[in-house]
**Q** 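Right, I'll just put the structure down here and ask away after.
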Amino acid sequence: MTVLVTGATGSVGRHVVDQLLQRGQRVRAMTRKPDKAGLPAGVELVSGDLAQPETLPAVLAGVDRVYLFPVVENTEASLARMREAGVSRVVVLSSLSVEHSAPGQSALGDYHLAIERAVEASGIPWTHLRPGAFAGNTLEWARSIRAEGVVRAPYGEAQQTPIHEADIAAVAVAALLDEGHAGAKYPLSGPAAISRVAQVRAIGEAIGRDLRFEEISPEAWRAQVSAFMPAGIIDTLLAYWAASVETPDPVYPDVEKVLGRPPRTFAQWAADNAKAFAAP
């Protein structure tokens, strides 16, 4: 059996590749720049783009199952190519925002809902993974931590349940390889709510350095990121952080239900990624 991993160089996709290899699977990894992928030996690297379905027939030849990175452009056409190629299972990296917002209320939720609906209409058996906040989102703090030992951000007391990307990948691999996951929609979270201030503290402990969280206004943060982040995503994030100050993110049981073990803690993620935050 050959498993195609799209978005193979992403924060989850790399873990999916590694874990499929650990289970002895043939892995075909699709990326737009195979020469820069940096994936392990034994992976078949292919060039392709989900937004350009005409690139897919050769990529899909002999593929049985697909880990689908969320790309909304030309989704229906790409799925048609998968169906024609005989793909028997698709596992979708979606988002918890689909569950937390009604259609039209969240740009992030609408984006992923459109992909989920297209997959469901494709006729290919599917599983949707709906993670909440990625622990790796805190990598946006790495530069200021390395340079100054400080994080400047709004809503320091927002209580999140960030999930380790390796746990998302582990659920993806189970859904790709094991039976009993067809038609499931798995909300995924870390094991406990932790404030953004406490996340900074955990990173400091991982790198052996005292760090400081400096609260800034939502308007100041918007000004910081508006040059590279769409306004709809900014609005969604600010609303989410504001709400989770008073109402912490829920903890979902699905990681443990699928894997038979609790999800990794944020402290574990920080230890695994300490090099990204450590001063040179």
Side-chain angles (χ1 to χ4, degrees), residues 1-29 39-40 42-43 64-70 87-100 112 115-116 119 124-139 159-194 199 202 206 248-274:
M1 180 173 66
T2 298
V3 181
L4 175 66
V5 179
T6 67
T9 59
S11 61
V12 178
R14 287 184 179 275
H15 287 291
V16 174
V17 167
D18 289 343
Q19 293 179 32
L20 285 169
L21 290 174
Q22 289 166 12
R23 290 192 58 172
Q25 300 301 310
R26 291 193 297 272
V27 180
R28 184 175 296 168
L39 292 172
V43 175
D64 185 65
R65 300 178 184 186
V66 174
Y67 166 79
L68 187 64
F69 182 81
V87 169
S88 65
R89 191 177 301 184
V90 173
V91 175
V92 183
L93 179 62
S94 185
S95 168
L96 198 55
S97 59
V98 173
E99 298 194 12
H100 285 178
H112 287 91
I115 296 168
E116 287 192 7
V119 171
I124 305 171
W126 51 267
T127 306
H128 297 328
L129 310 184
R130 293 174 169 175
F134 286 18
N137 291 347
T138 58
L139 289 169
Q159 300 282 324
Q160 302 173 287
T161 53
I163 183 168
H164 197 306
E165 291 82 4
D167 282 337
I168 303 172
V171 176
V173 168
L176 284 164
L177 302 183
D178 303 333
E179 298 305 317
H181 301 287
K185 302 176 181 179
Y186 292 128
L188 304 176
S189 73
I194 177 173
Q199 290 170 40
D249 280 357
V251 174
Y252 292 96
D254 296 69
V255 170
E256 186 162 8
K257 181 171 67 175
V258 173
L259 303 180
R261 61 160 177 82
R264 296 168 174 88
T265 65
F266 183 81
Q268 287 175 286
W269 180 90
D272 290 343
N273 292 274

**Q** For a quick test of reading the model, state the closest non-hydrogen atom pair linking Ala193 to Pro248 and the distance between them.
**A** CB-CB, 4.1 Å
**Q** Looking at OH of Tyr186 and CD1 of Ile168, how far apart are the two atoms once the value is rounded to the nearest 0.5 Å?
**A** 15.0 Å
**Q** Do the side chains of Val98 and His128 get nearer than 4.5 Å, heavy atoms only?
**A** no
**Q** Is there side-chain contact between Pro162 and Ile194, with at least one heavy-atom pair below 4.5 Å?
**A** yes
**Q** What are the two closest heavy atoms between Ala174 and Val258, and how far apart are they?
**A** CB-CG1, 3.7 Å
**Q** Between Arg89 and Arg65 (side chain of the first, backbone of the second, donor and acceptor by atom type, cut-off under 3.5 Å), is there such a pair?
**A** no
**Q** Please report the shortest heavy-atom distance between Phe266 and Ala202, naming the atom on each side.
**A** CD2-CB, 3.8 Å
**Q** Does some side-chain heavy atom of Leu96 sit less than 4.5 Å from a side-chain heavy atom of Leu188?
**A** no
**Q** Please list all pairs passing the side chain to side chain donor-acceptor pair (under 3.5 Å) test where one or both residues lie in residues 2-24, with sequence neighbours left out.
**A** Thr2-Arg26, Arg23-Asp178
**Q** May I ask you to test the Val119-Ile124 pair for a side-chain heavy-atom distance under 4.5 Å?
**A** no
**Q** Test side-chain contact (heavy atoms from CB on, under 4.5 Å) on Val3 and Leu177 and set out the steps.
**A** CA-CA 9 Å; Val3 181; Leu177 302 183; 4.3 Å; yes
**Q** Report yes if the side chains of Tyr252 and Thr161 come closer than 4.5 Å at any heavy-atom pair, otherwise no.
**A** no
**Q** Using atom types as modelled and distance alone, determine if a side-chain donor or acceptor of Ser88 lies under 3.5 Å from a backbone N or O of Asp64.
**A** yes
**Q** On a heavy-atom basis, which atom in Ile163 and which in Gly190 lie closest, and how many Å separate them?
**A** CB-N, 3.8 Å
**Q** Are side-chain heavy atoms of Leu21 and Pro40 found at a separation under 4.5 Å?
**A** yes
**Q** Tell me, with the steps shown, if Trp126 and Leu68 meet side-chain contact (heavy atoms from CB on, under 4.5 Å).
**A** CA-CA 10 Å; Trp126 51 267; Leu68 187 64; over 6 Å; no
**Q** Quick one, Tyr67 and Val12 - any side-chain contact, counting heavy atoms below 4.5 Å?
**A** yes
**Q** Run the salt-bridge test on Asp167 and Arg261 with the 4.0 Å N-O cut-off and return the result as yes or no.
**A** yes
**Q** Provide the closest heavy-atom pair for Ala192 versus Val251 in the form atom of the first, atom of the second, distance.
**A** CA-CG2, 3.9 Å
**Q** Measuring from Asp272:CG to Arg264:CZ, what's the distance to the nearest 0.5 Å?
**A** 7.0 Å
**Q** For residues Val255 and Ser189, report the shortest heavy-atom separation together with the two atoms involved.
**A** CG2-O, 3.9 Å
**Q** Which of these passes side chain to side chain donor-acceptor pair (under 3.5 Å) with Ser94: Arg130, Glu116, His112?
**A** Glu116
**Q** Show me the pairs that pass salt bridge (Lys or Arg N to Asp or Glu O under 4.0 Å) and involve residues 180-190, at least two apart or across chains.
**A** Glu120-Lys185
**Q** For a 4.5 angstrom cut-off between non-hydrogen side-chain atoms, does Val171 reach Asp254?
**A** no
**Q** Could you pull out all residues at least two apart from His100 that satisfy ring-ring contact (aromatic ring centres under 6.0 Å, His included)?
**A** none
